[in-house]
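Structure record follows, encoded as structure tokens.
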Amino acid sequence: MAATKKYMTSYYVLYACFAIIIIVFAAFFGYGYNNEENGLNAPYCTEALMWLMYGLFVITCVLGVWSVIRGVKISMGTSGKNISGVPGGKVSAFSFILMFVSLLIGLLCNLNEKDFTAADGTVTPGYMVSVTDMFLVSTYILLVLAAVVMLVNMSGVFKRRN
């Protein structure tokens, strides 16, 4: 019974998040463009969209940390029973290693970047340009790998083996 209640709660929270995202995006794209900023017309709901993105990022970080802590607490003192058929420990370790390797590749691809000077004269140091590029390259690597893994999973190749 408790599992059903947790499932239903997460189900409602998921759909509430979808509803909020849809409403903010609909307001952003459909409301109006007469908001004068620096000589350009921007949508009225730009700030709402930015706050939504900040909020989703913070919530994702908090839930990620909570999930790791909860996973460590659950696995402490147990033999790591595999209830769902998915080797969670192996998947977590592989994911962490993959993230680390993608960050390392991104950093190595962008070492020794030159300082960047914007049109308004603001100078960004080369090391910050390297860090930014590192995160971008890592994001692209992980995005492509996630798409490939999703396609392999949808194909059912590994389900047929068992």
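Source: prediction; values computed, not measured.
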Side-chain contact, heavy-atom cut-off 4.5 Å: F116 with V123?
-> no

In terms of hydrophobic clustering (I, L, V, M, F, W, Y; side-chain heavy atoms under 4.5 Å; direct or indirect links), are Y12 and L14 co-clustered?
-> yes

Is it possible for you to say whether V131 and L111 belong to one hydrophobic cluster, with membership spreading through side-chain heavy-atom contacts below 4.5 Å?
-> yes

Hey, does T122 have a side-chain heavy atom less than 4.5 Å from the side chain of T117?
-> no

Hey, what do you get for OG (S130) to NZ (K114), rounding to the nearest 0.5 Å?
-> 12.5 Å

Out of F29, Y31, F28, which one pairs with Y44 under the ring-ring contact (aromatic ring centres under 6.0 Å, His included) rule?
-> Y31

Nearest non-hydrogen partners of V24 and L49, listed with the distance | CG1-CA, 3.8 Å

Should the heavy atoms of other residues, nucleotides or ligands under 6.0 Å from CE of M8 be counted, would the total exceed 12?
-> yes

Any donor and acceptor pair, going by atom type alone, linking the side chain of N153 with main-chain N or O of V149 inside 3.5 Å?
-> no

Would you say T132's side chain and M128's backbone share a donor-acceptor pair under 3.5 angstrom?
-> yes

Out of curiosity, does I97 fall in the hydrophobic cluster containing I105 (side-chain heavy atoms, cut-off under 4.5 Å, transitive links)?
-> yes

With no hydrogens and no angle check, is any side-chain donor or acceptor of S138 less than 3.5 Å from a backbone partner on M134?
-> no

In terms of hydrophobic clustering (I, L, V, M, F, W, Y; side-chain heavy atoms under 4.5 Å; direct or indirect links), are Y140 and L104 co-clustered?
-> no

Give a yes or no on whether the backbone of G64 and the side-chain of S67 come within a donor-acceptor separation of less than 3.5 Å.
-> no

Under the criterion side chain to side chain contact (heavy atoms under 4.5 Å, CB included), which of V137, T139, V144, L143 is the partner of I141?
-> V137

Given side chains that start at C-beta, do those of L56 and I21 come closer than 4.5 Å, heavy atoms only?
-> yes

Output yes when a side-chain donor or acceptor of D115 lies under 3.5 Å from a complementary backbone atom of G126, and no otherwise.
-> yes

Between CG of L145 and OG of S95, what distance do you get to the nearest 0.5 Å?
-> 10.5 Å

Under a 4.5 Å side-chain heavy-atom rule over Ile, Leu, Val, Met, Phe, Trp and Tyr, are M53 and I20 clustered together?
-> yes

Parallel, tilted or perpendicular: which describes the rings of Y15 and F18, with under 30° parallel and over 60° perpendicular?
-> perpendicular

More than 12 non-hydrogen atoms from neighbouring residues, nucleotides or ligands closer than 6.0 Å to CE on M99, yes or no?
-> yes

